[in-house]
Amino acid sequence: MPNLGTLFAHFLGMLDMNTAFGSLPHALKLLDYRSTVLGNNLVNQSTPGFQARDFDFETALKNVSGLPVNQLKADAIDLQYRIPSSPALDGNTVDSAVEKAKYAENSVRYLAALNFLSRKVDDLMTAIKGGTSA
Amino acid sequence: MSFSKIFDMAGSGMSAHLTHLNTTASNLANANHVSGDERTVYKARKPIFAPQEQLAQGFHVGSFDQNKGMGVRVVGIVESTEPVLKKYDPSHPKANAEGYVFHSNVNTIEEMTDMIIGSQGFEICVEFLNTQKDLAMKTIESL
């Protein structure tokens, strides 16, 4: 009869923490980073010569998927300059309305990813504890 | 996670815009300053903003957690070089020997628009900070 400890160890071995949550941890990290980039644009909205930056989330996620989360490097991200619709005379290319909209979109994505991730964790907890016990 | 850095960034924005509002308030308060000497009359003060760091170099290399130096900073406050208004007013108590007085070069309309820009910038930073705080709290709660 196998003892419980061996069974548990076997189960933990099957559960690879780098893949257990799919690409959600990568997505969260990228979205967190994007909120920094967009926030930097917002904060610099009246800095002369400042050029707004952003990156494409989907492309970045494709580039980093499969990598262990703690080894994500910023050079996987192609940070680009926003093409301004009407640059200011002082060279600033931040359009605060555009940046606010992008930032709101990014926050919603972050919340969604966070929700999915915490449900995944709940699922795993159910699997570990077993069934409907309160 | 780099929450503290994001808060630092929003804080730098709030502080910079507050400096902007302070100089605007000082300019408006001294808009009617009069002096008998061109050099001592009040001149409009303007803060100079600069990004915390030109991120073009250090931004792509290294890990996510090394993206320090985001935000904005005030590199200095300069006095406007606009010409001051020279008026011939010999009865003025501050008139100089030739009978001229000098009025400050503060343009109140320009200062009013600067005030709007400053308060909007401050508001955006506060909004950003609040959203980021909510996200951080939700992340902590879900752990």
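Chain letters run A, B, ... following the sequence lines, proteins first and then strands; every chain starts at 1.
- Neither the backbone nor the side chain of B:H20 comes within contact range of chain A, judged by heavy atoms closer than 4.5 Å.
- Remark: B:R39 engages B:D37 in a salt bridge, criterion side-chain N to carboxylate O under 4.0 Å.
- A donor atom on one side chain and an acceptor atom on the other are found under 3.5 Å apart for A:N40 and A:N44.
- We find that B:K46 and B:E110 are joined by a salt bridge, their nearest charged nitrogen and carboxylate oxygen being less than 4.0 Å apart.
- Ranked by non-hydrogen atom pairs under 4.5 Å with chain B, the options A:D122, A:L111, A:N115, A:T47 are led by A:T47.
- For chain B, the option among A:S118, A:P48, A:S35 with the highest count of heavy-atom pairs below 4.5 Å is A:S35.
- Rounded to the nearest 0.5 Å, atoms CZ (A:R119) and CG (A:L24) are 11.0 Å apart.
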